[in-house]
**Student:** 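Take this structure, written in structure tokens, and hold onto it; I'll ask about it next.
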Amino acid sequence: MEEIANFIKTIMANDLESGKVKKIITRFPPEPNAYLHIGHARAIITNFELAKSFNGYTNLRFDDTNPAKEDEEFVEGIKKDIEWLGYNPENVFFGSDYFEETYKLALELINNGLAYVCDLTQAETSAYRGTLTEAGKNSPYRERSISENLTLFENMKNGLYKEGEKVLRAKIDMSHPNINMRDPVLYRIMYIKHHRQGNKWCIYPMYDYAHPLQDAFEGITHSLCSLEYDNHRVLYDWVIEVCKTKYKPVQIEFGRLNITNTIMSKRYIKQLVESKKVIGYDDPRMPTLAGMRRRGITPEAIKTFILSTGLSRINSTVEGDMLDHFVREDLKLKVNRIMAVTKPLKVTITNYEEGKIEYFEAFNNQENESLGKRKVAFSKHLYIEQEDFCLEKPDKHYKRLALGLEVRLMNAYFIKANEVVYDNNGNIIEVLCAYDEQTLSGSGFNERKPNGTITFIEATTANKAVFNKFEPLIIDDNEEISFLERINPDSWKTDEGFVEAGVYNTLDRFQFIRDGYYAVDSDNSKLTFNRIVSLKSALK
RNA sequence: AGGACUAUCGCCAAGCGGUAAGGCAAUUGGCUCUGACCCAAUUAUGCGGGGGUUCAAAUCCCUCUAGUCCUGCCA
């Protein structure tokens with residue numbers, strides 16, 4: 001936690017030391033128009049941890065200045081996610097609660113000749129603005145008198161004009177090299193019911209005007225935001241200056257976080273949900289915090305992941321492996337490690353009695369015995385992973401089953417493969433094996449070493465789990481949404497896997513450890529492992 | 001008359017004038033009733049390129065190059 005965002009931390013420490021601020025106060029200001037995703041976790045954690053490290057605090061403020069996009073559903077979802085991450089905001093505010101004050105300040109601006117009502121249409125405004133390389137030109141309405149502006153703005157507020165007919169603009173500089181300073185719009189007219197204000201207002205402040213004021217009203221000392229607002233900082237400072245606010249917040253930008261093979265944009269997330277490609281914002285495959293929560297990822301894992309990715313003024317794209325690592329690291333002692341088979345291969349124990357079933361005890365987690373034990377079934381009919389068998393041992397590193405070789409079935413016996421059965425197309429569909437009774441797990445047998453240990457499932461008691469309902473989601477190069485397998489296509493397309501009986505139903509969360517939902521490495525070059533899977537029973 | 005920002009190992013990222021931290025990934029070996037975990041070891045004479053200042057530069061200066069963002073009455 002010490003290393004978080006050093007470049008920001010240094011600024012804060014200096015401000016504290018110089019006496020510029022007495023206490024560090026930050027804020028996390030989501031617009032309630034979507035659910036939070038893993039990318040937002042960076043902003044949340046950075047804001048909260050930074051303030052906490054200086055004994056300051058953080059406000060949660062819903063940036064709801066555009067009623068066209070916002071909804072109550074999202075404010076509840078966002079609150080829940082933030083609390084889940086372990087943060088209880090000192091205060092919860094809504095940008096819309098400051099509408100009265102921002103309005104009064106706008107009047108001040110007009111009185112000081114710093115704002116005017118403009119009648120240009122949207123297209124005209126755009127044309128007058130100029131381009132990246134050419135200066136803009138002044139609006140013909142720029143020189144209206146203060147009293148006229150006051151009247152017109154009053155009328156705007158009172159609903160005398162149609163949407164788009166008039167806007168309030170700041171009077172700055174139409175030839176400013178930074179386009180954001182070319183008389184930016186401060187207020188626009190919208191006849192839309194606000195989720196909190198109802199129909200009280202028909203003029204709504206723009207982000208560039210409202211945000212710095214909200215920060216100032218709350219005494220925010222450091223206003224952290226992402227890189228794309230860098231170009232807005234000069235306007236942010238302008239607003240703070242001309243409004244003569246008591247507090248002078250400072251905006252600091254940092255890079256966004258992206259994760260490879262992960263959909264992170266609001267737009268796509270929304271599209272997935274609305275097209276019903278996924279169950280909802282909390283679908284376990286989603287990169288939303290709600291989805292990750294449902295998948296069984298813990299807030300601790302997210303926190304250590306975010307903190308370890310660091311923070312800089314670069315939009316970074318970290319590899320999904322890194323997220324996986326921290327999730328595994330966090331989960332490895334917390335979850336049950338049950339057995340599962342995703343691509344089943346039938347195994348018949350030829351020297352085992354037909355109809356007999358034995359149950360062995362196994363720790364739910366070998367590294368954490370406090371998680372208790374469970375029964376593991378064994379009989380003449382089993383399934384193993386297709387990849388755990390091949391006809392001939394390919395090299396000395398191969399530690400699984402092959403014809404003539406003996407392996408340990410985890411928690412059970414040694415078995416030796418003697419024969420294979422083929423289907424009409426020449427595919428191996430079954431392996432005939434013999435078990436050795438004296439090699440039972442826990443018996444202390446050590447007269448010979450098996451060629452590795454593999455997992456298995458007893459066929460008659462196994463629960464089926466539909467894996468293809470949880471295909472990993474990625475976006476292909478054309479940026480069209482598709483359900484491509486992240487990796488080994490076969491393991492997810494062949495529809496069914498098998499999860500050990502008994503354990504599957506007792507879990508109430510979609511927990512996973514790497515291969516549970518990713519199956520094998522992306523290049524399929526190496527199997528890494530823990531075939532540990534559990535699925536949410538409600539989604540059967 | 002364009003402006004702003006960024007550039008350190010495959011991916012993140014420390015460093016802020018004193019001779020390149022760490023994590024992920026990878027590789028090698030050991031251990032193992034999960035090829036997991038764990039343990040040990042390896043991985044930038046180099047900090048986008050070129051100049052310069054200095055006893056000393058990733059760190060300062062100049063210059064070039066590349067990438068990102070900005071022309072919503074979105075945030």
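If you're wondering where the values come from, they're calculated on a predicted model, not measured in any experiment. Below, chain A is the first sequence line, B the second, and so on; all start at residue 1.
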**Student:** Looking only at atom C1', what distance separates B/G49 and B/C11, rounded to whole Å?
**Tutor:**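 That atom pair is separated by 23 Å.
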**Student:** Kindly say whether A/Ser96 contributes a backbone atom to a donor-acceptor pair with the side chain of A/Asp64 at under 3.5 angstrom?
**Tutor:**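 Here the side-chain-to-backbone pair exists.
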**Student:** Which listed nucleotide (B/G35, B/G3, B/C74) is nearest to the side chain of A/Pro177?
**Tutor:**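 Between B/G35, B/G3, B/C74, the one nearest the side chain of A/Pro177 would be B/G3.
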**Student:** Between A/Phe326 and A/Glu165, which is nearer to the 5' end of RNA chain B once each is assigned its nearest nucleotide?
**Tutor:**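 Whichever sits nearer the 5' end wins; that is A/Phe326.
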**Student:** Side chain of A/Glu319, base of B/G10: donor and acceptor closer than 3.5 Å?
**Tutor:**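 Looking at the base of B/G10, it does pair with a donor or acceptor on the side chain of A/Glu319 (distance under 3.5 Å).
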**Student:** State whether the distance check finds a donor on one side and an acceptor on the other, under 3.5 Å, for side chain A/Asn231 versus base B/C69.
**Tutor:**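 Such a pair exists between side chain and base.
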**Student:** May I ask which nucleotide in the shown strands pairs with B/U19, Watson-Crick or G-U wobble, both distances under 3.5 Å?
**Tutor:**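 B/U19 is unpaired by these criteria.
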**Student:** Does A/His232 get its side chain close enough to the base of B/A4, under 3.5 Å, for a donor-acceptor pair?
**Tutor:**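 Side chain to base: no pair present.
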**Student:** Given B/C24, B/U6, B/U71, which nucleotide is nearest the side-chain atoms of A/His325?
**Tutor:**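 Of B/C24, B/U6, B/U71, B/C24 is nearest to the side chain of A/His325.
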**Student:** The side chain of A/Arg313 is closest to which nucleotide in this list: B/C70, B/C24, B/U6?
**Tutor:**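 For A/Arg313, the side-chain atoms sit closest to B/U6.
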**Student:** Taking only the side-chain heavy atoms of A/Gln122 (C-beta and beyond), determine which of B/C73, B/U71, B/A75 contains the nearest atom.
**Tutor:**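 Looking only at heavy atoms from C-beta outward on A/Gln122, the closest nucleotide is B/C73.
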**Student:** For the side chain of A/Lys449 and the base of B/U32, is some donor closer than 3.5 Å to an acceptor across the two?
**Tutor:**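 Absent.
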**Student:** What distance, rounded to whole Å, do you find between the two P atoms, one in B/A20 and one in B/G46?
**Tutor:**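 It comes out at 11 Å once rounded to the nearest Å.
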